[in-house]
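Counting starts at 1 for both ligands and their atoms, in listed order. As a basis for the values below, the full set of heavy atoms in this structure was taken, side chains included, without hydrogen atoms, waters or symmetry mates. Each residue takes its place number in the sequence, starting with 1.
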Amino acid sequence: MTDNLFQPFVLNETITLQNRVLMAPLTRCMADEELVPTQAMADYYARRAEAGLIISEAVIIRPDAQGYPNTPGLFTSAQIDGWRVVTDAVHHAGGKIFAQLWHTGRVAHPHFFKKSSSTQALAPSAIGVEGSVPRMRELTYQVPKAVTYDEITQLVADYSQAASNAIDAGFDGVEIHGANGYLIDQFLHYASNHRTDEYGQTPENMSRFALAVVDGISARIGSDRTALRVSPGAYFNMAGDNTDRAVFDYLLGELEQRNLAFLHIGIFDDAMEFDYLGGRASSYVRSVYSKTLVGVGSYSAESGSAAISNDKFDLLAIGRPFIANPDYVARVRAGEELVAYSDEMLASLV
Ligand code: FNR
Ligand code: 8K6
């Protein structure tokens with residue numbers, strides 16, 4: 001029984017989704033060398049237009065946001081034009097698509113932005129992340145530069161400009177990538193934020209950058225077209241800290257007062273429990289945030305549908321199964337078997 005997945009869902013006065021199944025943001029590293037989306041990407045997204053909403057793979061807002069090869073951007077006119085081909089294809093197929101806006105912060109690598117004027121990854125504090133870029137072992141992560149006030153102001157302006165570019169490119173809205181240990185999330189956790197100014201040390205200060213980005217983008221394109229993804233449970237590119245909970249209590253309380261299109265959890269497996277959150281990330285967010293919530297993380301259509309019935313969240317995002325099944329929604333609706341996902345599928349865009 002997965003009927004509730006196929007009901008339309010009213011996000012707000014401007015956006016109604018045709019069903020409750022979202023395609024989760026999935027980085028595919030398939031843009032061209034200028035980080036322009038290709039026709040193959042337009043075809044890939046259009047094949048998935050039956051989703052209630054597609055959230056694009058994370059899209060970098062400016063050159064020094066880049067931490068992986070061939071991730072698309074939204075800061076040049078060629079990139080905006082390339083995305084217009086994608087959004088036209090999705091709309092033509094009856095779908096809706098948001099752009100996920102991304103800055104990787106300390107997970108960026110200068111290798112990817114050699115041609116720009118930046119030479120260092122930026123982060124809240126000069127604390128490096130261990131390891132190297134996936135599948136590029138020669139690129140070990142470096143100690144980032146702690147951002148100055150001027151750089152913070154510029155980052156907020158660049159996020160807002162990228163959101164405006166997304167609307168110009170025909171996206172129905174944007175999801176701010178505040179999850180998975182990237183720049184915004186780096187401000188929200190004690191392990192990566194050691195600042196002693198008004199961006200660090202207290203929940204209010206640590207939430208300041210995230211809220212400035214949310215407010216900057218909302219002012220530019222409307223809060224009805226602005227969404228946010230967060231990872232209150234540190235699990236990826238990030239070490240957890242028991243005191244992180246208070247930061248998210250504050251942040252989510254502030255977000256409750258803003259009319260965002262939705263809030264989305266960033267997690268690979270929502271069965272994970274976090275001691276400082278008192279259980280699952282989704283249960284924690286639901287307990288302190290009452291507006292539209294998107295759940296994700298190793299759900300099947302059946303377990304996701306049950307979670308919606310049990311009021312754990314309102315919308316279900318599906319990631320890896322959507323890579324394996326472009327027609328995921330039709331298959332589930334018809335009760336057909338799904339193709340199992342495997343990591344080898346990441347090598348090509350089907
Ligand atoms: C991801 N995920 C992810 N998340 C995000 O916020 N932005 C991104 O660009 C990506 N990219 C990405 C690439 C690949 C290959 C995977 C497998 C995952 C996380 C994704 O959105 C989702 O949260 C997880 O995949 C869990 O959902 P599923 O796959 O269990 O349905
Ligand atoms: C080469 C591009 C990679 C882009 C970014 C996103 C991540 C992909 C990851 C794959 C899958 C699994 C990882 C699980 C992590 C969970 C930790 C508990």
- prompt: Looking only at heavy atoms, is any part of Arg28 under 4.0 Å from ligand 1, and if so is it the side chain, the backbone, or both, or is it neither?
  reply: neither
Identity of the nearest option to atom 23 (O) of ligand 1, non-hydrogen atoms only, from Arg229, Met345, Gln100: Arg229
task: For Ala24, counting its heavy atoms only, list the atoms of ligand 1 lying under 4.0 Å from any of them.
output: 21 (O)
- prompt: Considering only heavy atoms, which of Ala317, Gly319, Pro25 lies nearest to atom 21 (O) of ligand 1?
  reply: Pro25
message: Consider side chain to side chain contact (heavy atoms under 4.5 Å, CB included). Of Thr202, Val214, Leu188, which one does Ser207 pass it with?
response: Leu188
- request: Would you indicate which of Leu22, Ile318, Thr27 comes nearest to atom 12 (C) of ligand 1 when only heavy atoms are counted?
  value: Thr27
query: With ring centroids as reference points, do Tyr299 and Phe313 lie under 6.0 angstrom apart?
result: yes
- prompt: Of the choices Pro321, Cys29, Ala179, Ser298, which has the non-hydrogen atom that lies closest to atom 30 (O) of ligand 1?
  reply: Ser298
message: Yes or no: does Gly266 have any heavy atom under 4.0 Å from an atom of ligand 1?
response: no
- request: Please name all residues satisfying side-chain hydrogen bond (donor to acceptor under 3.5 Å, both in side chains) with Lys114, sequence neighbours left out, ordered by chain then number.
  value: His111
message: Among residues at least two apart in sequence or on other chains, which ones pass side-chain contact (heavy atoms from CB on, under 4.5 Å) with Asp249?
response: Arg245, Tyr284, Val288
Region of Ile267 engaging ligand 1 - heavy atom pairs below 4.0 Å: backbone
- prompt: When you check the gap from the basic side-chain N to the acidic O, do Asp172 and Lys96 get nearer than 4.0 Å?
  reply: no
- prompt: Would a line drawn from the ring center of Trp102 to the ring center of Tyr159 be shorter than 6.0 Å?
  reply: no
